[in-house]
Amino acid sequence: MPELPDVETFRRYLGSTALHKTVEAVLALDEDLLEDVDGRTARRILTGVSLDEARRHGKRLFVCIGDRGWLVLHFGMTGELAYYRDGEPPAHTRLLLAVDDGYHLAFTNQRKFGSVSMADDVESYVARHDLGPDALEMEWPEFREALEGRRGAVKSTLMDQSILAGVGNVYADETCFQAHVRPDTKLRRLDTDRRRSVYRVMRRVLTTAIDRQADPDALPRTWLIGHRHEGDACPRCGGSVARTEVGGRSTYYCPDCQPAE
DNA sequence: ACGGATGTTATTAA
DNA sequence: ATTAATAACATCCG
């Protein structure tokens, strides 16, 4: 689930909940997900901090903790945030912060593909993890240059976090669908106009998804999302959705709306 | 019961 | 040297 629009939704959620609160205690910390620091250090760093600012780069959420740097949350395939007052923590809570209004902020991660880490600043984290520019921060010329010389499939390139950060499997398929490009099309087969079309569609897909809070039920019915099953009716032409693999990932597309090059 | 699953990364291949 | 493809990671769901 958590691709750029989902993480942006988490960022805004954090902004209306725990942001500007003070962490009174770290109630749980799953060290399996911790990177860069050990558990004892992380607890010490986080206790007593105020959550000053929330930023996003690609699929990562950065929370500024004053002069102690940044808390970095990576959601992996199954991460979520939950803010609640009473009761048990949600299932698979990996980090649980008690804040000074009596609420709790839980970071859950069912499949442990996510991570919790600390960074001195956003830029150093981004560099250390070899992340490209955020997909929504890229202007067309930067996007065009980033794709220059690429030979792989258009979908694989969109998903390559070192080229641009934020697009995952689902939104890569959605972008290809709305751009009428088959996901396995080699980039060298796309001229500048087609690349610009992919760029514009990608932006529209991501911003629209953010507007709908990345809620699959709130996304337009004309989108491929919600029809990610072989044989589903294409929401555009009524044809049959096909499944294949591109770069080892499940890929859905409409053979009629996305003709082979 | 087994195959898949929206993530990244290390390794291998080209 | 770059770039691309593959396997592996942990766990749950259908």
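Throughout, a chain's letter reflects where its sequence line sits, starting with A, and its residues are numbered from 1. Worth saying up front: this structure is predicted, and the values here are computed from it rather than measured. As a basis for the values below, the full set of heavy atoms in this structure was taken, side chains included, without hydrogen atoms, waters or symmetry mates.
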Sugar-phosphate, base or nothing in reach of A:G168, heavy atoms under 4.0 Å
sugar-phosphate
Please examine the side chains of A:K59 and A:F75, heavy atoms only from C-beta on, and report whether any two atoms are closer than 4.5 Å.
no
Checking side chain to side chain contact (heavy atoms under 4.5 Å, CB included) for the pair A:L4/A:D134: CA distance, chi angles, key distance, verdict?
CA-CA 9 Å; A:L4 187 154; A:D134 184 80; 3.7 Å; yes
Rounded to the nearest Å, what distance is computed from the CG atom of residue A:N109 to the P atom of nucleotide C:dT11?
11 Å
Using a heavy-atom cut-off of 4.0 Å across all strands, would you classify A:S250 as base, sugar-phosphate, or nothing?
sugar-phosphate
Does the side chain of A:L136 come within less than 4.5 Å of A:E8's, by heavy atoms?
no
Quick check for you: among C:dC12, B:dG7, B:dA5, whose closest atom lies nearest to any side-chain atom of A:Q110?
C:dC12
Look at A:H92 and C:dA10 and indicate whether a side-chain polar atom (N or O) is within less than 4.0 Å of OP1 or OP2.
no
Write down the distance between CG (A:L187) and C1' (C:dT3), rounded to a whole number of angstrom.
13 Å
When you check the phosphate oxygens OP1 and OP2 of B:dA5, does a side-chain N or O of A:R243 lie under 4.0 Å from one of them?
yes
Taking B:dT11 as the reference, what is the distance to C:dA10 when you measure between their P atoms (whole Å, please)?
16 Å
Quick check for you: among C:dT11, B:dT8, B:dG7, whose closest atom lies nearest to any side-chain atom of A:Q161?
B:dT8
Under 4.0 Å, heavy atoms only, any strand: does A:R249 hit a base, just the sugar-phosphate, or nothing?
base
Could you state the atom-to-atom distance from CZ of A:F113 to P of C:dC12 in whole Å?
12 Å
Take atom CZ in A:R188; do more than 12 heavy atoms of anything else shown fall under 6.0 Å from it?
no
Starting from P on B:dG7, measure out to CZ on A:F75 and report it in whole angstrom.
14 Å
Starting the side chain at C-beta, find the nucleotide from C:dT3, B:dG4, B:dT9 nearest to A:R60.
B:dT9
Integer-rounded Å distance: C:dT2 P and A:L147 CG
19 Å
Please report the distance, rounded to the nearest Å, between CG in A:D160 and C1' in B:dT8.
11 Å
Map A:K59 and A:Y252 onto DNA chain B by nearest heavy atom, then report which one ends up closer to the 5' terminus.
A:Y252
From NZ of A:K112 over to C1' of B:dA5, roughly how many Å is that when rounded to an integer?
18 Å
For the residue pair A:D101 and A:Y83, confirm or rule out a side-chain donor-acceptor distance under 3.5 Å.
yes
Taking every non-hydrogen atom, the tightest pair across A:S156 and A:V246
OG-CG1, 3.6 Å
Do the side-chain N or O atoms of A:R111 get closer than 4.0 angstrom to the phosphate oxygens (OP1, OP2) of B:dA5?
no
One should report the stems of DNA chain C, each a stretch of at least three consecutive Watson-Crick or G-U pairs at distances under 3.5 Å, as B:2-5 with C:11-14, B:7-14 with C:2-9
Would you mind telling me which of B:dT8, C:dA4, B:dT6 lies closest to the side-chain atoms of A:R228?
B:dT6
Could you give the CG-to-P distance, from A:N169 to B:dT6, as a whole number of Å?
5 Å
Tell me whether A:Q213 at atom CD has more than 12 heavy atoms from other residues, nucleotides or ligands lying less than 6.0 Å away.
no
Can a donor-acceptor pair be found, under 3.5 Å and without considering hydrogens, that links the side chain of A:R195 to the backbone of A:R144?
no
